[in-house]
There are 2 protein chains.
Amino acid sequence: MNINKYRNLGIKLTPQRLAVLDYLEGKKSHPSAEDIYQAVKKQFPTISIATVYNILETLKQNELIQELRTGPYKKRFDPNTSWHHHLLCTGCNRVEDVAIKKIPEIAAGEGQGFEISKVHVEFYGLCQKCRLKKNQEVKR
Amino acid sequence: MNINKYRNLGIKLTPQRLAVLDYLEGKKSHPSAEDIYQAVKKQFPTISIATVYNILETLKQNELIQELRTGPYKKRFDPNTSWHHHLLCTGCNRVEDVAIKKIPEIAAGEGQGFEISKVHVEFYGLCQKCRLKKNQEVKR
DNA sequence: TTGGATGCAAAAGATTTGCACTCCC
DNA sequence: GGGAGTGCAAATCTTTTGCATCCAA
């Protein structure tokens with residue numbers, strides 16, 4: 001972990017925040033608040049889940065992470081704030097990053113006065129693992 | 001309401017189910033379970049929210065409605081089960097249907113073994129109403 | 001008649017809130 | 001030193017579950 005890297009983010013640096021930032025750094029697994037809480041608790045046994053939510057909210061406000069509202073029933077957080085999209089497995093709820101060929105556009109006359117700031121594409125399907133599992137069930 | 005229309009849906013028809021179907025018929029507002037509950041309660045004061053959830057789950061299983069997991073914190077239901085996408089207002093959480101120019105595709109070599117069954121595009125932005133409101137706040 | 005549907009209440013899960021205490025800038 | 005951040009507990013909100021009763025087919 002490198003504190004200096006986080007110096008100029010515009011947020012007050014606390015040990016808890018550093019721990020969350022450090023945990024998320026480069027993570028590709030789109031962890032939930034609970035996942036993050038469990039991980040950070042190893043370093044800070046007294047940290048509370050409310051603090052984790054506070055921190056995640058702050059990081060989101062400062063565009064250091066993205067919040068995904070996809071998949072079943074909880075928020076998930078993504079340290080990759082660059083423009084990207086997701087593959088969602090309907091079998092195991094895995095979320096994977098994915099690149100697309102071309103940014104989708106709204107059809108002519110359909111914008112309804114919206115000022116679009118972000119486009120997010122979700123591909124729903126079955127991951128390889130779940131597909132194999134399903135095939136085995138069918139054969140059985 | 002036309003009971004006959006619903007005759008061959010493959011589900012047992014109860015008055016509560018008919019009321020929910022009837023309420024959703026043609027709705028473009030993507031109501032939540034609570035919205036539906038409040039509306040149907042006018043006709044069936046004794047209906048319970050659990051029953052509403054049961055019914056919505058059944059309708060979803062039978063592909064009579066779609067469930068959206070988008071926007072802030074609750075499920076929303078859409079009687080339009082055809083292929084479409086959404087505009088999401090980050091100001092007021094309004095959800096509007098929208099058509100797109102071209103179905104997005106995954107970039108070469110990015111599929112990761114997923115078998116894609118559905119693509120959903122979310123356009124985040126501010127609706128006209130919220131944009132005006134924001135402008136007024138800035139000027140003030 | 002009978003299995004699935006309903007209604008109620010309680011439980012569960014995720015997130016938020018209020019508030020006193022702490023500590024980073 | 002002061003204001004923002006933290007920890008704790010309780011509250012809230014949405015959804016699910018268990019179970020006795022009911023009713024559509």
Side-chain angles (χ1 to χ4, degrees), chain A residues 1 3-4 6-23 30-62 64-65 67-77 93 95, chain B residues 1 3-23 30-62 64-77 93 95:
Chain A
M1 177 168 62
I3 295 186
N4 291 317
Y6 301 119
R7 270 284 150 65
N8 298 315
L9 299 182
I11 60 171
K12 191 189 275 190
L13 292 181
T14 67
Q16 293 87 339
R17 287 180 173 186
L18 287 171
V20 170
L21 281 166
D22 193 40
Y23 173 73
H30 311 80
S32 66
E34 182 66 25
D35 295 335
I36 297 166
Y37 172 59
Q38 290 304 334
V40 173
K41 209 159 66 162
K42 287 176 192 156
Q43 250 185 87
F44 290 90
T46 67
I47 199 174
S48 90
I49 185 78
T51 299
V52 172
Y53 277 104
N54 278 338
I55 292 174
L56 292 170
E57 183 61 26
T58 303
L59 298 182
K60 188 177 68 174
Q61 300 293 343
N62 287 271
L64 300 169
I65 57 171
E67 180 185 311
L68 305 179
R69 280 284 175 91
T70 218
Y73 265 146
K74 30 185 176 189
K75 295 180 176 180
R76 282 159 170 271
F77 298 89
N93 298 317
V95 180
Chain B
M1 177 167 64
I3 295 187
N4 292 317
K5 195 169 61 187
Y6 300 119
R7 270 283 150 66
N8 298 314
L9 298 182
I11 59 172
K12 189 190 279 192
L13 292 181
T14 66
Q16 293 87 339
R17 285 179 175 187
L18 288 171
V20 171
L21 280 166
D22 193 41
Y23 173 74
H30 311 82
S32 66
E34 182 68 23
D35 295 336
I36 297 165
Y37 173 58
Q38 291 303 335
V40 173
K41 209 160 64 165
K42 287 176 193 153
Q43 250 186 87
F44 290 89
T46 67
I47 198 174
S48 91
I49 184 76
T51 298
V52 172
Y53 276 105
N54 278 338
I55 292 174
L56 292 170
E57 182 61 27
T58 303
L59 298 182
K60 187 177 68 171
Q61 300 292 343
N62 287 270
L64 300 169
I65 58 171
Q66 275 194 330
E67 179 184 313
L68 304 179
R69 281 282 175 92
T70 217
Y73 263 147
K74 31 185 173 188
K75 295 180 175 181
R76 281 158 170 271
F77 298 89
N93 298 316
V95 180

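Throughout, a chain's letter reflects where its sequence line sits, starting with A, and its residues are numbered from 1. Note that the coordinates shown come from a computational prediction; the quantities given were computed from them, not determined experimentally.
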### Task
Check whether any side-chain N or O of A/His30 sits under 3.5 Å from a backbone N or O of A/Phe77 as a donor-acceptor pair, and report yes or no.
no
### Query
Atom CG of A/Leu18 to atom C1' of C/dC25: distance rounded to whole Å?
14 Å
### Task
Rounding to 10 degrees, work out the angle separating the end axes of the helix from C/dT1-D/dA25 to C/dC25-D/dG1 (five pairs an end).
40°
### Summary
By side-chain hydrogen bond (donor to acceptor under 3.5 Å, both in side chains), A/Thr51 pairs with (sequence neighbours left out) A/Ser48
### Query
Between A/Ile49 and A/Ala33, which heavy-atom pair has the shortest distance, and what is it?
CD1-O, 4.1 Å
### Task
Grab the OH-P distance between A/Tyr37 and C/dT15 for me, whole Å please.
14 Å
### Message
How many whole angstroms separate atom CD of B/Glu67 from atom P of D/dT14?
### Response
15 Å
### Task
Quickly work out the A/Lys74 NZ to C/dT16 P distance and round it to whole Å.
15 Å
### Query
Between B/Asp35 (CG) and D/dC13 (P), how many Å, whole number?
15 Å
### Task
Using the test side-chain hydrogen bond (donor to acceptor under 3.5 Å, both in side chains), find all partners of A/Ser32 that sit at least two apart in sequence or belong to another chain.
A/Asp35
### Query
To the nearest 0.5 Å, what is the distance between CG (B/Leu21) and CG (B/Leu64)?
6.5 Å
#### Entry: Where protein sits on nucleotides 1-7 of chain D, one letter per nucleotide: B base, S sugar-phosphate only, - none, heavy atoms under 4.0 Å
--BBSBB
### Query
So, for A/Tyr23 and A/Val40, which heavy atoms are closest and what is the spacing to 0.1 Å?
CB-CG2, 4.5 Å
#### Entry: Separation of C/dA10 P from B/Ile49 CD1 (nearest whole Å)
17 Å
### Query
Expressed in angstrom and rounded to an integer, what is the separation of B/Tyr53 atom OH from D/dC13 atom C1'?
9 Å
List, one per line, each side-chain donor-acceptor pair under 3.5 Å for residues 9-18 of chain B, sequence neighbours excluded.
{"from": "B/Thr14", "atom 1": "OG1", "to": "B/Arg17", "atom 2": "N", "distance (Å)": "3.1"}
{"from": "B/Arg17", "atom 1": "NH1", "to": "B/Lys12", "atom 2": "O", "distance (Å)": "2.9"}

### Query
Does C/dT16 have OP1 or OP2 sitting under 4.0 Å from an N or O in the side chain of A/Lys75?
yes
#### Entry: Atom pair CG (A/Asn54) and CG (A/Leu59), whose distance is rounded to the nearest 0.5 Å
10.5 Å
### Length of the CD-P vector between B/Glu57 and D/dT14, whole Å
18 Å
### Inter- and intrachain pairs under salt bridge (charged side-chain N to carboxylate O under 4.0 Å, His left out), touching residues 36-60 of chain A, at least two apart
A/Glu57-A/Lys60, A/Lys60-A/Glu67
